[in-house]
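Keep in mind that this is a model prediction, so the values were computed, not measured.
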Amino acid sequence: RAQGGWTVNELLEKEALVGRHLEQGDKEAALGCLYELIVAYAKRKDFSKAEALRDRLYEVDSMALGEIVKANEIIEQEKSESRDPNHMETWAELYETLSAEEANALYYALTAKSFDTDQPVFQEGERNTSLLLIDQGEVKLFHGQGERKVLLKTAGPGEMVGGETFFFQTAFATYSVVSLSPVRGYALNRSVLKAWQQDFPGLETKIHDFCFRSGGISKLLEQKDASRRAQQRVRMSGTLVAQLLDPKGKPTGKPFKGGFTDISAGGLAFMLRVSKLETARLLLGRLLVVKCRLPVAGGQKELQATGRIIAVQPHMFNDYSIHVRFHRPLAKEFIESLEESAAAEGPDLELKMEE
């Protein structure tokens, strides 16, 4: 019978046999039984038991290097074959930087996590000791003071969130993370780092470098501030029509009207009256399409653009300014034409009605 097919009673009998061999001074027989048990438990995917028996193998005879090495190889091989193939494909770029032992150490330290749409992963000002590896779905990272919320970025499959508190042991999170769609992934708790220091001293650095390869939150803030200063805004007034989109870009819900305030090459802003704060908060990070007619030199031009809501700022009387970043910047010539028209005639937008 294959070792992985042993019954529980047979495994217990085999373990008892190890003890009897040791009592009789037959170290070789005990080592043979221990090795067979390690293979059996590894094939049953009971890796904690297999590793405990491997440690016992070392205790019985620290010079039994052949058996110890082979036992390690069996455990690592079975671990590698048991990993979730979808997870490994999503995170192939990370795992390619790791040795086989490091890859197994990381994978088997992870805890499966799932979040429904609009469920907090962690919130600004709260303690967070976990690093989230996203396999499916999308989350939004935002921060703000009071009711004003500013989108830092969205993150999806193959991206990590929570690195600032995970690696640097910052007491409290400086931004919030909320799911934009159903999310499935894995969490790595900070407590594992201490255990890795001896067995896998380079693993933390490799994960850190992958997490921050594009820079951290502070760099995102610097980039956003530089982009805001670099783009000239053209102030407008009038009405536009907007409609939310699902993660695949398909319209969802009913179109709604907003009051135009300004536009730049990278995005626009409009005012929206929302009766509940919670509803306004849900808008942050959502995709949408906006439609209107804009006055340009020589007439009007229809604008239809898709983007993401990157900030929601409250005003008086349940009014909120909604700030949208376009997926594709508008042409420089178009913005210049708007500036000329606004300077000559003043803002005068006409609502583009849905057909």
Side-chain angles (χ1 to χ4, degrees), residues 115-121 123-124 137-156 159 161 175-183 217 220-221 223-225 227-228 231 233-292 294 303-315 318-330 349 351-352 354:
F115 302 91
D116 295 328
T117 301
D118 195 45
Q119 183 177 350
V121 177
Q123 295 186 348
E124 185 174 351
E138 191 176 40
V139 300
K140 58 184 176 183
L141 285 66
F142 60 93
H143 81 128
Q145 296 179 348
E147 296 179 353
R148 186 176 186 271
K149 305 298 180 184
V150 178
L151 184 72
L152 298 173
K153 64 172 289 186
T154 59
E159 293 186 87
V161 295
Y175 58 93
S176 298
V177 179
V178 175
S179 55
L180 276 169
S181 63
V183 170
I217 294 300
L220 278 175
L221 291 170
Q223 291 172 342
K224 287 181 177 294
D225 190 49
S227 175
R228 179 184 60 80
Q231 293 183 350
R233 296 183 182 183
V234 182
R235 294 197 174 277
M236 297 274 178
S237 65
T239 310
L240 56 73
V241 171
Q243 186 167 17
L244 296 177
L245 306 174
D246 66 18
K248 295 182 179 180
K250 296 181 179 180
T252 179
K254 296 181 179 180
F256 55 90
K257 300 177 183 179
F260 216 120
T261 59
D262 62 71
I263 187 170
S264 69
L268 58 77
F270 62 91
M271 299 297 296
L272 186 66
R273 179 153 293 182
V274 180
S275 59
K276 295 183 179 179
L277 171 62
E278 180 66 16
T279 303
R281 187 181 68 80
L282 291 176
L283 292 173
L284 186 67
R286 296 292 300 272
L287 301 175
L288 82 169
V289 58
V290 294
K291 302 178 181 180
C292 59
L294 297 175
L303 172 70
Q304 177 171 323
T306 58
R308 190 181 294 274
I309 298 174
I310 62 170
V312 177
Q313 184 171 355
H315 297 267
N318 294 327
D319 284 336
Y320 291 82
S321 57
I322 310 299
H323 301 261
V324 179
R325 181 178 61 221
F326 295 143
H327 287 155
R328 294 182 180 179
L330 302 180
L349 299 187
L351 171 65
K352 179 188 183 302
E354 295 291 318

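Within the 4.5 Å cutoff, side-chain heavy atoms of Val139 are placed close to those of Val183. Counting heavy atoms from C-beta on, the side chains of Val324 and Leu288 come closer than 4.5 Å. Leu141 places none of its side-chain heavy atoms less than 4.5 Å from the side chain of Thr154. A heavy-atom distance below 4.5 Å is found between the side chains of Phe260 and Leu294. Looking only at side-chain heavy atoms (C-beta outward), Leu240 and Lys291 stay at 4.5 Å or farther from each other. Within the 4.5 Å cutoff, side-chain heavy atoms of Asp118 are placed close to those of Val178. Between Val177 and Phe142, the closest side-chain pair of non-hydrogen atoms is not below 4.5 Å. Here the side chains of Leu330 and Leu303 are in contact, with some heavy-atom distance below 4.5 Å.
Nearest heavy atoms, Pro255 versus Val241: CB-CG1, 3.9 Å. Taking each heavy atom of Pro182 and Thr117 in turn, the nearest pair found is CD-OG1, 3.1 Å. The two residues Gly156 and Glu159 make their nearest non-hydrogen contact at N-OE2, 2.8 Å. Closest heavy-atom contact between Gly285 and Lys140: CA-CD, 4.2 Å. Closest approach of Phe270 to Ala242, counting heavy atoms only: CZ-CB, 4.5 Å. Gly253 approaches Gln243 most closely through the heavy-atom pair O-NE2, 2.9 Å.
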message: One pair to check against side chain to side chain contact (heavy atoms under 4.5 Å, CB included): Leu283 and Tyr320. What are the steps and the verdict?
response: CA-CA 11 Å; Leu283 292 173; Tyr320 291 82; over 6 Å; no
field: Criterion side chain to side chain contact (heavy atoms under 4.5 Å, CB included) on His143 and Val150, from CA distance to verdict
entry: CA-CA 5 Å; His143 81 128; Val150 178; 4.2 Å; yes
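Side-chain atoms of Ser179 come within 3.5 Å of backbone atoms of Gln119 as a donor-acceptor pair (strictly under, hydrogens ignored). Between the side chain of Thr306 and the main chain of Val289, no donor-acceptor pair closer than 3.5 Å is present.
A salt bridge links Arg308 with Glu138: the distance from a Lys NZ or Arg NE/NH1/NH2 to an Asp or Glu carboxylate oxygen falls below 4.0 Å.
With rounding to the nearest 0.5 Å, the separation of CG in Leu268 from CZ in Arg233 is 11.0 Å. Atom CG of Leu287 and atom CD1 of Ile309 lie 9.0 Å apart (nearest 0.5 Å). Here the CG atom belonging to Leu284 is positioned 8.0 Å from the CG atom belonging to Leu180, to the nearest 0.5 angstrom. The OH atom of Tyr175 sits 8.5 Å away from atom CG of Leu152, with the distance rounded to the nearest 0.5 Å. Note that OG of Ser181 and NZ of Lys248 are 10.5 Å apart. Values are rounded to the nearest 0.5 Å. In this structure, the separation between CE on Met236 and CD1 on Ile263 is 7.0 Å, given to the nearest 0.5 Å.
By the salt bridge (charged side-chain N to carboxylate O under 4.0 Å, His left out) test, Arg286 pairs with no residue at all, sequence neighbours left out.
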